[in-house]
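Beneath this line is the structure, given in structure tokens, with notes to follow.
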There are 2 protein chains.
Amino acid sequence: MSETLGDAGPRRPVTLDDVARRAGVSQPTASRVLNGSARKVNEALRERVVTAARELGYTTNLSAQAVARGTSRTIALVISGISDPYFSAMAAAIMRQAELAGLRVSIAVTDRRSDRELELVREIRGHQPLAIILAGTGFLAPHPEDTLVDELRRYEETGGRVVLISRTDLPFETVSFDNHEGARQLARELAGLGYRRFLLLGSGTALLGMQQRIDGFVHGLADEGISHAADRILYPEFSWDGARRAIESLEEDTLREVELVFAITDDMALGAIAGLRSRGVSIPDDVAVAGFDDITTLRDIVPSLTTVHVALDTVAEEAIHRATTDGEVFTRKTVPAYPVLRESTPGV
Amino acid sequence: MSETLGDAGPRRPVTLDDVARRAGVSQPTASRVLNGSARKVNEALRERVVTAARELGYTTNLSAQAVARGTSRTIALVISGISDPYFSAMAAAIMRQAELAGLRVSIAVTDRRSDRELELVREIRGHQPLAIILAGTGFLAPHPEDTLVDELRRYEETGGRVVLISRTDLPFETVSFDNHEGARQLARELAGLGYRRFLLLGSGTALLGMQQRIDGFVHGLADEGISHAADRILYPEFSWDGARRAIESLEEDTLREVELVFAITDDMALGAIAGLRSRGVSIPDDVAVAGFDDITTLRDIVPSLTTVHVALDTVAEEAIHRATTDGEVFTRKTVPAYPVLRESTPGV
DNA sequence: GCGCCGCTGGCAACCGCATTCCCGCAGCGA
DNA sequence: TCGCTGCGGGAATGCGGTTGCCAGCGGCGC
């Protein structure tokens with residue numbers, strides 16, 4: 001055959017037809033053998049098809065399959081940023097769970113731009129995945145969320161499932177951490193260690209989950225009879241740098257009064273630490289610091305960071321479960337979060 | 001119409017046909033308007049089509065488009081792990097460049113299992129992307145690489161492009177850092193700071209790029225007349241924990257002689273630091289430490305880590321360029337890497 | 001020995017979109 | 001006014017795979 005000499009030029013990919021022909025069966029039969037079908041095929045034929053497929057190096061054209069079936073075994077994950085340790089840990093957890101469920105996952109990154117988020121969702125809709133999981137914390141301000149909601153609604157109407165993680169602002173299936181309770185417990189533990197004068201760093205951007213952490217912390221302090229906490233709450237830009245700058249621009253007097261800084265994320269806690277150090281403050285001797293998220297890659301920070309641990313795997317599992325179980329309506333589910341005390345808050 | 005009352009049950013997604021019908025044009029015309037076609041369409045019709053599409057919330061079915069066109073604007077990125085800061089930074093860089101080039105990127109994670117890697121490549125082949133970029137450091141040992149090579153070859157034969165990052169062991173387009181030169185320059189700088197007695201941490205798994213870092217470092221020391229360096233090279237497991245354990249199980253006498261530990265990755269350098277600290281060694285006063293990769297998320301480590309900076313964006317750009325430019329053969333390209341001295345190596 | 005049923009393979013239609021080809025039409029020059 | 005050219009719309013076909021349906025075959029019961 002010309003097989004032997006034809007090594008140049010892009011050859012056409014091997015199709016199911018090729019396999020069928022080589023195995024001497026019809027194309028539907030080959031399809032039934034190679035791609036999970038309910039119908040049985042005679043063992044001898046099955047064997048021939050499998051062999052032919054292997055010899056030819058056949059791979060199912062997943063696009064064609066998706067078109068024909070009208071659906072795919074893929075779930076789409078939308079996150080804010082891939083190099084953010086929180087999101088990458090989340091993505092890893094989701095992928096782990098998805099693999100267990102025999103699902104592919106395709107990741108899309110919004111880069112924290114909500115226009116991009118909308119664009120991505122539209123594009124994803126074009127892929128007709130089984131489900132869309134939105135793990136990015138939504139930024140309410142910039143663009144009309146209704147457009148996004150519309151888009152997601154449309155997607156749901158055509159049989160897709162939408163799952164939100166840590167984002168209770170949209171009317172879809174939601175899985176989130178117990179931000180309020182986690183922060184509250186943390187506050188109580190810290191109060192138990194003798195801390196009394198706190199500085200809280202929230203998010204300048206309106207983020208529901210983040211505000212819950214602030215509220216929970218304040219609530220926890222109130223539980224312990226510390227009621228003046230709400231005086232010292234800052235809302236800098238929601239980032240490492242935002243936290244650092246907030247600390248750096250603090251009045252000297254104000255800073256001197258602070259015993260402990262609680263930031264709503266580990267990332268911001270690190271920014272706060274950087275800011276504190278640039279002002280010559282020693283941690284934890286002068287000021288203690290606590291964060292939220294318990295990010296693994298921060299294990300090497302010195303002093304080790306007191307924070308609130310969130311069960312990513314549980315959240316991921318719940319999310320995948322909701323993504324794959326259709327019909328039922330779960331509404332909102334909350335996963336526990338609990339404080340982890342480390343060296344950055346040794347107590348007074 | 002029944003439109004008004006039919007709000008229950010999965011409705012069929014809006015297709016191009018629906019749009020065409022509503023706009024009162026033929027389906028090809030709608031196609032030409034909505035998806036980039038060479039042919040022009042009358043402005044009035046174009047308008048009608050666009051409006052109809054918007055009103056109906058039409059989204060191109062990308063799978064169908066891929067089937068019809070036989071190709072897609074997607075590139076597939078294969079990395080070892082998503083929560084590894086190095087890979088997530090790499091992925092972020094690739095996505096940035098891809099977006100500039102108007103490409104989608106779908107990420108697949110091997111979890112460092114080479115069987116999974118093979119499986120993924122087969123699956124990816126089924127998606128018929130424009131290109132496959134393999135950024136994971138290959139693990140040569142476990143499975144016959146030829147199978148992977150076969151698979152990639154097949155993919156190339158059907159018009160796809162394969163690009164490898166930091167992985168010079170396979171016969172495809174390759175972009176990598178100048179590991180050797182980067183490490184060599186670092187060694188020379190450190191020698192210039194007065195360090196003389198080094199401990200090197202390599203990779204127990206055979207990884208070409210990683211070995212180059214060791215070789216380059218040794219070479220650099222030799223440049224400075226330090227020739228006995230090769231005595232103190234350890235090859236622990238290629239991970240944070242591997243490095244930590246290697247340090248912890250060091251003989252007391254051996255440890256006492258060490259002035260500086262060079263690890264082939266920042267990750268391992270951190271493991272080494274953890275190990276050193278657990279043995280009561282102060283950094284950098286007793287022992288200095290240097291790594292490789294210059295991972296951004298480690299900015300908060302104290303003391304800040306001396307390392308070798310790699311230009312991720314340049315690598316990503318080169319990779320995308322190779323992924324999109326067909327016909328030409330680029331073979332192997334090297335991107336510079338240069339040392340960055342920080343607090344972890346103050347000099348003797 | 002006949003009829004019925006169940007099993008399994010193949011035919012053909014179909015999924016949603018792109019593209020080729022054909023044809024009508026307007027515009028232009030002669 | 002006629003013919004030619006060029007543009008743009010539409011019918012038909014194809015992409016790779018799936019699935020409803022029919023037909024043929026073998027097994028079984030009576």
Side-chain angles (χ1 to χ4, degrees), chain A residues 10-50 52-53 56-74 123 125-129 158-160, chain B residues 10-49 52-53 56-74 123 125-129 158-159:
Chain A
R11 211 166 14 221
R12 186 179 52 75
V14 177
T15 74
L16 201 50
D17 255 325
D18 299 330
V19 175
R21 208 165 313 135
R22 176 178 253 257
V25 300
S26 76
Q27 190 246 32
T29 300
S31 169
R32 292 192 263 254
V33 170
L34 296 175
N35 312 81
S37 165
R39 288 190 44 174
K40 266 180 287 186
V41 173
N42 178 290
E43 190 52 41
L45 290 192
R46 145 171 252 97
E47 186 96 4
R48 293 218 318 259
V49 171
V50 170
L56 260 41
Y58 170 76
T59 307
T60 307
N61 182 325
L62 293 171
S63 300
Q65 193 170 69
V67 172
R69 291 221 248 250
T71 178
S72 68
R73 294 286 294 169
T74 301
E123 192 175 298
R125 209 148 69 77
H127 273 304
Q128 318 232 115
T158 62
Chain B
R11 211 166 15 223
R12 184 180 53 77
V14 177
T15 75
L16 201 48
D17 256 325
D18 300 330
V19 176
R21 208 165 312 136
R22 175 179 255 257
V25 299
S26 76
Q27 185 252 30
T29 300
S31 169
R32 291 192 264 255
V33 170
L34 296 175
N35 311 83
S37 165
R39 287 189 47 172
K40 266 180 288 187
V41 172
N42 179 288
E43 190 51 39
L45 290 192
R46 145 171 252 98
E47 186 95 2
R48 293 217 319 259
V49 171
L56 260 41
Y58 170 76
T59 306
T60 307
N61 182 324
L62 293 170
S63 300
Q65 194 171 68
V67 172
R69 289 220 248 251
T71 177
S72 69
R73 296 283 295 167
T74 301
E123 191 175 297
R125 209 148 70 77
H127 273 305
Q128 318 232 112
T158 62

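Heavy atoms only: backbone and side chains are in, while hydrogens, waters and symmetry mates are out. Each chain gets a letter, A, B and so on, in the order the sequences are listed, and its residues count up from 1. What you see is a predicted model, and the numbers here were worked out from it, not measured in a lab.
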Rounded distance in Å - CG (B:Leu34) to P (C:dC17):
10 Å
By nearest nucleotide on DNA chain D, pick out whichever of B:Ser26 and A:Thr59 is the more 5' one.
B:Ser26
Can you measure A:Glu43 atom CD to C:dG9 atom P for me and round it to whole angstrom units?
11 Å
Atom pair distance, as rounded to whole Å: CG in B:Leu16 and C1' in D:dG9
14 Å
So, does B:Tyr58 get its side chain near the phosphate of C:dG16, meaning an N or O under 4.0 Å from OP1 or OP2?
no
Measure the distance from CD on B:Gln65 to C1' on C:dT19 and round it to the nearest whole Å.
13 Å
Rounded to the nearest Å, what distance is computed from the CG atom of residue B:Asp17 to the P atom of nucleotide D:dG10?
12 Å
If you round to the nearest 0.5 Å, how far is CD of A:Gln128 from CG of B:Asn61?
4.5 Å
On the side chain of B:Arg32, is there an atom forming a donor-acceptor pair with the base of D:dG10 - under 3.5 Å, no angle test?
yes
Gap between atom NZ of B:Lys40 and atom CZ of B:Arg46 - 0.5 Å precision
10.5 Å
Please give, in whole Å, the distance from C:dC17 P to B:Leu62 CG?
10 Å
Heavy atoms of B:Val14 and B:Leu56 approach each other most closely as CG2-O, 3.4 Å
Can you check whether A:Gln27 has a side-chain N or O nearer than 4.0 Å to OP1 or OP2 of D:dG17?
no
Which listed nucleotide (C:dC17, D:dA11, C:dA12) is nearest to the side chain of A:Pro28?
C:dA12
Is there side-chain contact between A:Gln65 and A:Asn35, with at least one heavy-atom pair below 4.5 Å?
yes
It should be established whether A:Thr29 places a side-chain nitrogen or oxygen under 4.0 Å from OP1 or OP2 of nucleotide C:dG10.
yes
Closest to side chain of B:Val25, choosing from C:dG10, D:dG10, D:dT18:
D:dG10
Can you check the B:Asn42 CG to C:dC25 P distance for me, whole Å?
16 Å
Are B:Asn35 and C:dA18 close enough that a side-chain N or O sits under 4.0 Å from OP1 or OP2?
yes
Nearest-0.5 Å distance that lies between atom CD in B:Gln27 and atom CG in B:Asp17
5.0 Å
If I take atom CG in residue B:Asn61 and atom C1' in nucleotide C:dA18, what distance separates them, rounded to the nearest angstrom?
13 Å
